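Take a look at the structure below.
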Number of protein chains: 2
Amino acid sequence: MTEMRDMPGHLARRFQQIAVAVFLAEVEAAGFDLTPVQYAALAAIAANPALDQITLAGLIAYDRTTITGVIDRLAQKNLVIRRAGVRDRRSRELLITEEGRRTLDAITPAVEAAQRLMVRGLTKVEANELIRLMQKAIAAGNELSRAPLREDAGTQRQ
Amino acid sequence: MTEMRDMPGHLARRFQQIAVAVFLAEVEAAGFDLTPVQYAALAAIAANPALDQITLAGLIAYDRTTITGVIDRLAQKNLVIRRAGVRDRRSRELLITEEGRRTLDAITPAVEAAQRLMVRGLTKVEANELIRLMQKAIAAGNELSRAPLREDAGTQRQ
DNA sequence: TACTGATGATCAGCATACTGATCAATAAGG
DNA sequence: CCTTATTGATCAGTATGCTGATCATCAGTA
């Protein structure tokens with residue numbers, strides 16, 4: 001493990017670097033301007049109406065302080081609306097707009113193409129194995145980052 | 001692939017997120033203050049005296065504009081020296097300091113412990129397979145990011 | 001040699017990520 | 001009901017990473 005090229009940490013950084021580049025290239029080629037992070041947030045908001053930001057952070061494993069800026073940019077693009085919470089006035093409820101939903105639908109093929117491109121050097125069997133192993137390693141390390149994944153916990157926090 | 005949890009892009013981001021957190025925790029526990037990126041740069045500079053920044057960027061697959069700031073911080077910590085190039089006055093030659101070398105030697109056990117922690121949910125065989133598959137996917141996608149890996153090309157350019 | 005193109009480094013600007021702090025609002029306890 | 005602890009969101013500050021531009025210098029050629 002003395003060599004950088006055998007270190008999981010280096011490989012993780014490099015694979016993510018390529019994954020982001022591929023994502024942005026595919027999305028731009030499809031005529032859109034959305035980052036991977038913005039896409040994940042938009043998809044989660046679409047699937048969970050009136051989501052608050054902390055729950056969103058848990059669903060997609062973002063740091064809570066990162067969410068603020070991401071939502072700022074999605075709102076500025078008119079893809080989501082952020083409004084004051086009803087039950088809890090500290091919280092913000094997130095809703096996808098019509099334009100947000102149209103964008104999400106239209107962009108999905110590009111996103112899926114990007115996923116395939118990221119592993120284009122692997123056979124289908126190898127790609128599935130890579131996915132399985134990453135999932136397993138991530139599950140074991142979930143609590144080690146400041147932004148762990150939090151499963152849905154019902155439909156929403158009550 | 002409709003589900004985020006099966007998307008290589010999401011898994012790449014998540015695995016890298018955990019890898020960085022583990023690295024920082026181990027390094028801090030060992031009494032040091034170095035990021036993964038700074039560590040990789042320091043190790044490359046130690047192994048390649050009088051490296052210029054573009055070659056360094058290729059060796060560790062960083063964007064060239066990122067290198068400037070990373071070297072700024074390493075120099076501020078007195079771990080490396082950046083001096084004007086002799087053959088080419090546009091370039092900067094990078095050299096590790098005595099303190100840099102001591103730090104590198106002292107920090108290596110923590111870095112290696114971090115590499116093992118990142119894959120602690122996997123068997124040894126699985127960890128090796130994950131490394132192999134990431135290497136293969138990365139090799140196929142090397143040219144897709146702005147900062148591809150450039151092999152050593154001899155000891156140094158020209 | 002003078003011109004043209006390429007190259008090394010840096011910069012401004014933007015978007016993640018994180019640390020730690022603050023502030024308003026809520027929840028829990030006595 | 002009132003005090004205390006907790007929680008949702010945001011902010012300031014720092015460090016990657018990238019895009020595209022600029023500037024100085026170098027290399028190749030007419």
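Order of the sequence lines sets the chain letters (A, B, ...), proteins ahead of strands, with each chain counted from 1. Computed from a prediction, not measured in an experiment: that's the story for all the values here.
Counting non-hydrogen atoms of neighbouring residues, nucleotides and ligands closer than 6.0 angstrom, the CD atom of B:E143 exceeds 12 such neighbours. Within 6.0 Å of CG in A:D33 there are 12 or fewer heavy atoms belonging to other residues, nucleotides or ligands.
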Test B:R14 against B:Q17 for side-chain hydrogen bond (donor to acceptor under 3.5 Å, both in side chains), laying out the working first. CA-CA 5 Å; B:R14 190 82 188 93; B:Q17 184 181 46; 2.3 Å; yes
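In this structure, CD1 of A:I18 is placed 15 Å from C1' of D:dC18, rounded to the nearest angstrom. Rounding to whole angstrom units, CG of residue B:L42 and C1' of D:dT16 are separated by 17 Å. Taking atom CG of B:L56 as the reference point, atom C1' of C:dT7 lies 17 Å away to the nearest angstrom. Between B:Y39 atom OH and D:dT16 atom C1' the separation is 19 Å, expressed in whole Å. We find that OH of A:Y62 is positioned 19 Å from C1' of D:dG8, with the value rounded to whole Å. Taking atom CG of A:L24 as the reference point, atom P of D:dG17 lies 14 Å away to the nearest angstrom. Per the geometry, CD1 belonging to B:I71 stands 14 Å off P belonging to C:dC11, to the nearest Å. Between B:Q76 atom CD and D:dA15 atom C1' the separation is 12 Å, expressed in whole Å.
Contact between A:G85 and A:E93 at its shortest, heavy atoms only, is CA-CG, 3.9 Å.
Of the side-chain N and O atoms in B:R13, none sit less than 4.0 angstrom from OP1 or OP2 of C:dA15. When the side-chain nitrogen and oxygen atoms of A:T68 are compared with OP1 and OP2 of D:dT10, one or more of them lie within a distance under 4.0 Å. Not one side-chain nitrogen or oxygen of B:R73 sits closer than 4.0 Å to the OP1 or OP2 atom of D:dT14. Of the side-chain N and O atoms in B:Q53, one or more sit less than 4.0 angstrom from OP1 or OP2 of C:dT10. An OP1 or OP2 oxygen of D:dT16 is reached within less than 4.0 angstrom by no side-chain nitrogen or oxygen of A:Q16.
With hydrophobic clusters built from ILVMFWY side chains whose heavy atoms lie under 4.5 angstrom apart, A:L117 shares a cluster with A:L11.
You'll find that the side chain of B:R92 is closest to C:dT10, out of C:dT16, C:dT10, D:dG17. Here D:dG8 is the nucleotide among D:dG17, C:dA17, D:dG8 with the atom lying nearest to any side-chain atom of A:S91.
Among the protein residues, A:A21 comes within range of no part of the nucleic acid, since none of its heavy atoms lies under 4.0 Å from any strand. Nucleic acid contact for A:T66: base, since at least one base atom lies under 4.0 Å from a heavy atom of the residue.
For the residue pair B:D6/A:Q135, the side-chain donor-acceptor check at 3.5 Å is satisfied.
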Under 4.0 Å protein heavy-atom contact, by nucleotide of nucleotides 19-26 of chain C - B base, S sugar-phosphate only: BBB--BBS
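Rounding to the nearest 0.5 Å places CG of B:D52 at 12.5 Å from CZ of B:R82. Summarising the geometry, atom CG belonging to B:L56 is positioned 5.0 Å from atom CG belonging to B:L51; distances are rounded to the nearest 0.5 Å.
The nearest heavy atom of DNA chain D to A:D72 and to A:Q17 marks one nucleotide each, and the one closer to the 5' end goes with A:D72. Residues A:V37 and B:E93 both approach DNA chain C. Their nearest nucleotides, taken by heavy-atom distance, put B:E93 toward the 5′ side.
Remark: D:dA30 base-pairs with C:dT1. Criterion, Watson-Crick or G-U wobble with two distances under 3.5 Å.
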